[in-house]
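What follows is a single structure, written as structure tokens, with notes after it.
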Amino acid sequence: MSRRRSNPPSGRVDVIIIGAGQSGLAMSHFLSARAIEHVVLERGEIANSWQHERWDSLRLLTPNWQSSLPGYHYSGADPDGFMSMPEVVDFIRGYATVSRAPVITGARVSSVQACEPGYRVVSSHGEWRTRAVVVASGAFSTPAVPAISAATPADIVQLTARDYRNPGQLAEGGVLVVGSSASGLQLAHEIQLSGRPVTLAVGEHVRMPRVYRGMDIQHWMHVVGLLDEQYDAVDDIGRARRVPSPQLIGSSPRMTLDLNALQQIGVRVVGRLAAIRDGNAQFSGSLRNVCMLADLKMNRLLERIDAWVNRAADPAVAVPAERFAPTIVSAAPRLGLDLKSGEIRTVIWATGFHPDYSWLKVPVLDHKGRIRHTGGVVDAPGMVVLGLPYLRRRKSSYLHGAEDDARDLSNYLAFYLDSTASRAHIRRAVGQ
Amino acid sequence: MSTQEAFIDNGVNVGALLGAREALTTAPEAAQFRWRATSEWAGGTHTRSVVDKFFGLGQDQQHRQAFLYDTDHPEIFASEDKGSTPVEFVLVGLAGCLTAGIAAVAQNRGIQLRSVSATLEADMDLQGILGIDSDVRNGFSSVKVDYRIDAEASREEIAAIVAQSQKRSAVFDIISNPTDVHVTVSKR
């Protein structure tokens, strides 16, 4: 499936793409369409993290009809269903095959350094000189575990959402799940159903129903234009990029997974984990407010959808507007939990991910280790990044978000390669 | 700035706040502030505290005047009641912080406030500080804040302003989350 070129996998190339996931392959498609010479270096296999770094039951948060890559669409029998991870891997590998992407698998990049007039890329499978680099190595490589985890008592097993596979790997007994994005809620749900009582620590979160007015919420996010909202049109892009993933689950039949649903099956909801002191977990008293904020934001989304439906007067929308019960917060939420009592046997950190840029030896990271970029154009000549949350659009980090971003940034790269080539040409012509 | 914002005035210079945010994003060292108070025992349970100087934007700063605060305990505790109790001061701080936040958020969202009043209540079980029951915490068991707001906005918009103010409030955070407190002592 990956084409190994006949010549040795090293040398000079105009563009190196790092990572053969949806973003890297989408970029390869657009570069091929422009006949721009490039190579895709993949540390493992195509769609590696989808295959190796996700829990067993995970399905995409977006329905099948939405799964698409440039020139490639879902063609199965269940457009309203959600792909399992093996199905996502098949989808992306199928795309790599039909798009004939020049992927070199098993090529782990160990360094990218500036080397005029471009970059030197060292990988476990060859060394390259390139004029441009596409960082498509993923946004969700390294679990972001807060420093307070170090104070967890030693006899408690700690896992991250990347290490977790299924409830069977956990000891019997209580589980503290930290984090209230899609990951935290999905893990809390299946672990509670496995008979292990779950305490869920809840910070700021994004609540939304799976289905609204008879349609998947992703349909509404798409038609009202939310998914295509651009990075330069939001008030505070830094904040927009930090918004946690919405509390959604891809399941059959479709279900809404929110804090109320979890509390109905017995999950104990507490505030954000603020500290662990002397073996005691301390939970923030902000639970009521973060739930209020999430309810208000959900209702604003529903109002926007209703306004769109009213304007469109679409006869296909037969289901009337609806408002959901506010998030239930117990009269006296727990503020502390003794982690030494034996009640909690496992802590799962579902506290998000950050990209791994340890190989990137070009000074483009800010003081928090984030790559400095404007809509994906990195603060270094000829370098772009793909697949980060809200990179260019709200949908940027979704599977179907790769296409538009890769098209835009391939246009940028084509322009960059043209203009630097002509400058070099002029310099040569005038003898400088 | 939208034209709507030109006509509303809650007396908060949001432009200056946003400018400060911009400046401190690029110079995080200037964002490092240190707040200070000094205190002197005044006999019995009465303490006089002074707030005068603080540090921020890379240098020492000073209030327009020194502010004096008396804390004491009420007569039912056999004290002389020369000031509010320290725990009531915490409520004063929370009210001041949340209300300032409400004014700033409303200004930023172009919403004219007409009146903002709040009643704050904190429940406390004295069995904690008196050492009667070790399961009872010393501090508040809960804090309730009730805002009554008249503004040119919908009920939902007002709720969102109050929620956003809590989200960005220093005192709300101080009360709702643990903070490392380091007390040292020397003999004079």
Side-chain angles (χ1 to χ4, degrees), chain A residues 146-148 151 201-205 207 235-239 242-243 270-278 280-304 306 323 326-327 329-338 366-368 370 372, chain B residues 1-2 5 14 17-18 21-22 24-29 31 90 94 98 101-102 105 108-110 122-123 125 134-147 153-181:
Chain A
I148 53 170
V202 172
E204 267 194 74
H205 56 273
R207 181 186 179 197
D235 278 347
D236 186 344
I237 187 61
R239 186 161 65 190
R242 288 192 300 274
V243 169
V270 297
R272 190 179 66 86
L273 178 61
I276 299 173
R277 194 167 293 162
D278 305 325
N280 288 295
Q282 298 180 319
F283 304 113
S284 173
S286 65
L287 178 62
R288 224 174 285 283
N289 191 49
V290 294
C291 292
M292 166 71 97
L293 281 163
D295 289 352
L296 283 164
K297 285 178 187 162
M298 174 179 69
N299 286 336
R300 279 207 289 273
L301 170 64
L302 301 183
E303 274 159 27
R304 186 163 167 179
D306 293 338
R323 289 296 175 269
T327 304
V329 179
S330 84
R334 282 285 289 261
L335 298 170
L337 186 58
D338 183 0
D366 70 10
H367 66 288
K368 303 269 277 188
R370 295 173 300 217
R372 286 196 309 275
Chain B
M1 289 270 128
S2 73
E5 282 166 54
V14 167
L17 286 179
L18 294 177
R21 193 181 149 186
E22 184 101 337
L24 296 182
T25 304
T26 50
E29 62 287 347
V90 174
L94 182 60
L98 288 177
I102 287 167
V105 174
N108 192 34
R109 295 183 180 183
D123 294 333
D125 182 347
S134 61
D135 290 334
V136 175
R137 69 182 285 187
N138 296 336
F140 300 148
S141 52
S142 72
V143 176
K144 291 192 181 67
V145 184
D146 179 37
Y147 267 103
S154 70
R155 182 192 290 267
E156 283 237 314
E157 285 169 326
I158 291 172
I161 292 169
V162 177
Q164 181 66 18
S165 170
Q166 290 171 71
K167 184 177 149 180
R168 286 276 164 262
S169 163
V171 179
F172 183 93
D173 171 66
I174 289 164
I175 294 175
S176 59
N177 293 313
T179 307
D180 184 37
V181 182

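Here is how names work: the chains are called A, B, and so on, in the same order as the sequence lines, proteins then strands, and each is numbered from 1. Since we're looking at a predicted model, the values are computed, not measured.
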Roughly how far, to the nearest 0.5 Å, is [atom2] of [Y] from [atom1] of [X]?
{"X": "A:Asp366", "Y": "B:Thr25", "atom1": "CG", "atom2": "OG1", "answer": "11.0 Å"}
{"X": "B:Ser176", "Y": "A:Arg272", "atom1": "OG", "atom2": "CZ", "answer": "8.0 Å"}
{"X": "B:Asp173", "Y": "A:Ser284", "atom1": "CG", "atom2": "OG", "answer": "7.0 Å"}

- line: Most contact-rich option vs chain B, by heavy-atom pairs under 4.5 angstrom, among A:Ala332, A:Gly336, A:Gly285, is A:Gly285
- prompt: Of all of A:Leu335, A:Val290, A:Leu293, which one pairs up most often with chain B through heavy atoms under 4.5 Å apart?
  reply: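 Between A:Leu335, A:Val290, A:Leu293, the count favours A:Leu293.
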field: Proximal component of A:Asp236, with respect to chain B [non-hydrogen, under 4.5 Å]
entry: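 Contact with chain B is through the side chain of A:Asp236 alone.
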query: Using non-hydrogen atoms only, which part of A:Arg277 is less than 4.5 Å away from chain B: side chain, backbone, both, or neither?
result: side chain
Give a yes or no on this: more than 12 heavy atoms of other residues, nucleotides or ligands lie within 6.0 Å of atom [atom1] of [X].
{"X": "B:Asp123", "atom1": "CG", "value": "yes"}
{"X": "B:Glu22", "atom1": "CD", "value": "no"}
{"X": "A:Arg372", "atom1": "CZ", "value": "yes"}

Non-hydrogen side-chain atoms of B:Gln166 and A:Met292 separated by less than 4.5 Å: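 A side-chain contact is absent here, since even the closest heavy-atom pair is not under 4.5 Å.
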message: If I measure from the heavy atoms of chain A, does B:Thr179 come under 4.5 Å with its side chain, its backbone, both, or neither?
response: backbone
- request: Please report the closest heavy-atom contact between A:Ala274 and B:Pro178, naming both atoms and the distance.
  value: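 For A:Ala274 and B:Pro178, the tightest heavy-atom pair comes out as CB-CD, 3.2 Å.
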- request: Could you pull out the closest heavy-atom pair between B:Ala160 and A:Leu296, with the gap in Å?
  value: CA-CD1, 3.6 Å
